[in-house]
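Every chain is numbered from 1 and lettered A, B, ... according to where its sequence line falls, protein lines coming before strand lines. Hydrogens, waters and symmetry mates play no part in the numbers below; they use all other heavy atoms, side chains included.
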Number of protein chains: 2
Amino acid sequence: MSEVEGGAAAGLSHRVPDLGALQLLLAVARLGSLGRAARELGISQPAASSRIRAMERQLGVGLVDRSPRGSRLTDAGVLVTDWARRVVEAAEAFDAGAEALRDRRDSRLRVAASMTVAEYLLPGWLIALRRERPDTAVSLLAGNSAAVVERLLAGEADLGFVEGRTAPRGLRGAIVARDRLVVVVGPDHPWASRRAPLTPAELAATALIQREEGSGTREVLDAALAGHGGLAAPLLELTSTTALKAAVASGAGPAVLSELAVAEELAAHRLVQIPVEGVELRRALRAVWRSDARPTGPGRDLLSLTRRAQ
Amino acid sequence: MSEVEGGAAAGLSHRVPDLGALQLLLAVARLGSLGRAARELGISQPAASSRIRAMERQLGVGLVDRSPRGSRLTDAGVLVTDWARRVVEAAEAFDAGAEALRDRRDSRLRVAASMTVAEYLLPGWLIALRRERPDTAVSLLAGNSAAVVERLLAGEADLGFVEGRTAPRGLRGAIVARDRLVVVVGPDHPWASRRAPLTPAELAATALIQREEGSGTREVLDAALAGHGGLAAPLLELTSTTALKAAVASGAGPAVLSELAVAEELAAHRLVQIPVEGVELRRALRAVWRSDARPTGPGRDLLSLTRRAQ
DNA sequence: ATGAGGGCATAAGCTGGAGTTATGAGTGAG
DNA sequence: CTCACTCATAACTCCAGCTTATGCCCTCAT
């Protein structure tokens with residue numbers, strides 16, 4: 001999917017300043033002075049000065065107007081800083097996720113989550129949690145729904161997140177988000193230019209590109225199309241969501257995916273969503289916990305965060 | 001806005017692998033071998049091996065299972081790779097934008113764009129354009145609508161993008177996207193918990209946090225509320241959209257902003273959108289060009305891209 | 001069985017980028 | 001006039017990441 005992994009992007013790290021430099025630029029923008037920004041990041045003022053200058057040389061554009069009373073962004077600098085903010089925000093999400101992945105032991109809150117939740121939603125929640133309760137150590141274990149349930153029942157996790165149509169037995173839960181499955185094709189696929197919505201029968205009769213095992217998606221799809229002749233045999237089975245999206249984007253065929261997984265591709269029109277009439281392909285994303293272990297402390301905090309974001 | 005620029009994130013670059021390492025990880029995931037990934041990125045196999053190992057040490061998690069027949073991601077590795085992809089994609093957008101900012105001269109396509117378009121939409125378009133026409137050099141000049149028009153009329157730009165309710169005179173244009181203005185407040189603001197939509201009169205009577213000069217937003221807002229008593233005096237005037245969002249998020253008051261500018265904050269519930277009844281705060285984003293210089297070649301390519309993404 | 005080849009790891013050495021401290025020069029406020 | 005702040009330059013240190021050279025392991029084909 002996308003140029004990101006193609007050969008053309010090979011030199012990215014030579015053309016894009018590293019995270020430290022981007023963060024420094026954000027600090028300069030906010031604080032209005034190289035020296036103050038340096039102090040905030042714990043480096044010396046000359047280091048900051050030279051780094052910003054190196055970044056300007058690398059990009060070939062002036063970013064800050066220096067004056068004896070401080071530094072302000074140039075017009076180009078404003079734009080660059082806004083783009084930089086995206087990169088740093090993505091890095092923050094990476095960091096929050098990675099930290100949770102690391103602290104396997106001695107964490108105050110042990111979370112087990114399905115892949116969809118862990119990939120798309122949890123980093124944002126963890127960032128918010130970190131902001132509210134900076135000293136909460138969270139550990140994350142990602143797996144399929146069965147594994148999540150198992151961890152909870154074994155007392156090896158305090159809070160779980162699963163997708164599925166019903167709450168697993170033996171556990172209490174609350175819906176924290178909803179997830180819609182959408183039919184997508186590549187922009188050159190014939191369906192991309194059709195005007196009428198797909199009928200459930202059509203969808204059922206079409207061979208789809210699918211994930212190998214029924215990653216929760218299949219279950220919902222099966223149920224929704226049960227009355228319309230059942231699901232056709234897969235056109236292709238792939239192991240990763242990424243590979244699947246790439247195959248769909250290149251026109252190999254249609255697929256049904258969580259809208260969380262394809263939001264960016266839809267926005268950039270690398271994929272096209274095809275409406276389907278008459279079936280609701282929704283599923284709930286639930287927080288779950290053992291009936292005898294209602295979340296307290298940090299678990300409660302995280303839970304209330306996720307419900308607020310519903 | 002957000003921890004991104006706060007002191008707590010100071011050590012980000014020590015905890016997050018650099019872009020090169022993330023890109024290498026993506027390549028390993030895709031190609032299934034450290035050596036092949038190394039070759040693709042133009043580095044030696046030991047370099048790749050040591051870099052991945054360093055990354056695993058840094059994150060405290062195993063990412064790839066090495067075998068004599070290749071390397072596959074571990075479960076944690078899949079998750080980390082997905083998070084990494086976000087960072088690299090943001091870096092790609094940064095790169096595409098920065099490249100356009102740099103090539104002031106001798107570019108085949110000179111684009112002038114308003115801030116909103118340059119910030120949120122153009123990088124994606126440039127990435128798509130690069131994929132379709134790899135050798136198109138684009139230069140970008142960002143400014144307000146008046147500046148964009150001026151450049152076009154002076155023949156210093158081939159294609160422009162402006163927001164506004166009407167197409168500027170002397171230019172031809174086509175609507176390429178629409179942009180909705182939304183009322184936002186911080187999550188703790190009283191409005192965040194109200195159930196009824198805002199009335200236009202209420203909105204008109206409320207002092208808002210605003211950008212300093214009427215950045216196109218004000219024009220639309222004025223027009224929409226003209227029949228309801230006109231806009232109240234500003235509560236606060238700030239220079240940058242970023243500062244504005246930060247002020248709103250911390251509860252200083254309500255503001256009216258493009259939904260493009262607040263999409264992420266809404267998703268993470270750092271801001272809350274308040275519906276307004278009865279007024280449509282929409283505006284068009286237009287591609288514009290001189291009547292006697294209809295875009296050809298690369299300009300035409302970019303234009304068709306943007307219209308496809310409408 | 002026995003190379004050949006692909007895959008990964010280790011070791012030794014080089015290099016450059018980013019950091020440091022020390023210092024100077026410009027500007028505005030008290 | 002002097003202090004307090006800004007930024008820039010210079011000289012030096014250090015380490016992360018690169019390279020080449022090599023070795024081991026496994027599999028597959030001859």
Side-chain angles (χ1 to χ4, degrees), chain A residues 10-74 77 81 84 88 91, chain B residues 10-74 77 81 84 88 91:
Chain A
L12 242 195
S13 54
H14 298 295
R15 298 196 308 264
V16 177
D18 66 30
L19 288 170
L22 298 181
Q23 234 180 326
L24 175 61
L25 180 63
L26 294 185
V28 170
R30 186 161 37 84
L31 300 174
S33 143
L34 295 189
R36 269 199 291 274
R39 227 168 299 139
E40 177 173 282
L41 298 190
I43 61 176
S44 68
Q45 171 267 319
S49 176
S50 108
R51 244 187 145 174
I52 294 282
R53 190 167 293 283
M55 182 158 42
E56 288 177 318
R57 219 178 39 240
Q58 179 183 22
L59 299 178
V61 180
L63 299 174
V64 286
D65 277 332
R66 291 118 170 121
S67 90
R69 298 198 324 281
S71 298
R72 282 186 59 72
L73 294 179
T74 62
T81 302
V88 174
Chain B
L12 241 195
S13 55
H14 298 295
R15 298 197 308 264
V16 177
D18 66 32
L19 287 169
L22 298 181
Q23 237 181 324
L24 175 61
L25 180 63
L26 294 185
V28 170
R30 186 161 36 86
L31 300 174
S33 142
L34 295 189
R36 268 199 290 276
R39 227 168 299 138
E40 177 172 282
L41 298 191
I43 62 176
S44 68
Q45 171 267 319
S49 176
S50 108
R51 241 184 148 176
I52 294 282
R53 191 168 293 284
M55 183 158 40
E56 289 177 317
R57 221 180 37 240
Q58 180 183 22
L59 300 178
V61 180
L63 299 174
V64 292
D65 277 333
R66 291 115 170 125
S67 90
R69 299 199 322 281
S71 297
R72 284 186 58 71
L73 293 179
T74 61
T81 302
V88 175

Whole Å only: how far is the [atom1] atom of [X] from the [atom2] atom of [N]?
X     : N      : atom1 : atom2 : value
B:L41 : D:dT19 : CG    : P     : 11 Å
A:H14 : C:dG17 : NE2   : P     : 11 Å
A:D18 : C:dG17 : CG    : C1'   : 10 Å
A:I43 : D:dT13 : CD1   : P     : 21 Å
B:I52 : C:dA9  : CD1   : P     : 10 Å
A:L63 : D:dC7  : CG    : P     : 14 Å
B:R72 : C:dG7  : CZ    : C1'   : 15 Å
A:Q23 : C:dA18 : CD    : C1'   : 15 Å

Once you apply a heavy-atom cut-off of 4.0 Å, does [X] come out as touching a base, just sugar-phosphate, or nothing?
X     : answer
B:S67 : sugar-phosphate
B:S71 : sugar-phosphate
A:D65 : nothing
A:R39 : sugar-phosphate
A:S33 : sugar-phosphate

Taking [X] for the side chain and [Y] for the main chain, is one N or O donor matched with an acceptor at less than 3.5 Å?
X     : Y     : result
A:E40 : A:L24 : no
A:T74 : A:L63 : yes
A:S49 : A:Q45 : no

Considering heavy-atom distances to DNA chain C, does A:P68 or A:S44 have its closest nucleotide positioned more toward the 5' end?
-> A:S44

Could you pull out the closest heavy-atom pair between B:E56 and B:R66, with the gap in Å?
-> OE1-NH2, 2.9 Å

Nearest heavy atoms of B:A29 and B:T81, plus distance in Å |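 Heavy atoms only, the tightest pair is CB-CG2, 4.0 Å.
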
Are [X] and [N] close enough that a side-chain N or O sits under 4.0 Å from OP1 or OP2?
X     : N      : value
A:R36 : D:dT6  : yes
B:R69 : C:dG6  : no
B:R51 : D:dC18 : yes

Please tell me which of the listed nucleotides, [options], lies nearest to the side chain of [X]?
X     : options               : result
B:R53 : D:dT9, C:dT10, C:dG19 : C:dT10
A:R66 : D:dT19, D:dC7, C:dG7  : D:dC7
B:Q45 : D:dT19, C:dA9, C:dT20 : C:dA9
A:S49 : C:dG19, C:dA9, D:dA8  : D:dA8
B:P46 : C:dA18, D:dA21, C:dC8 : D:dA21

Taking C-beta and beyond as the side chain, do A:L59 and A:P17 meet within less than 4.5 Å on heavy atoms?
->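 In contact.
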
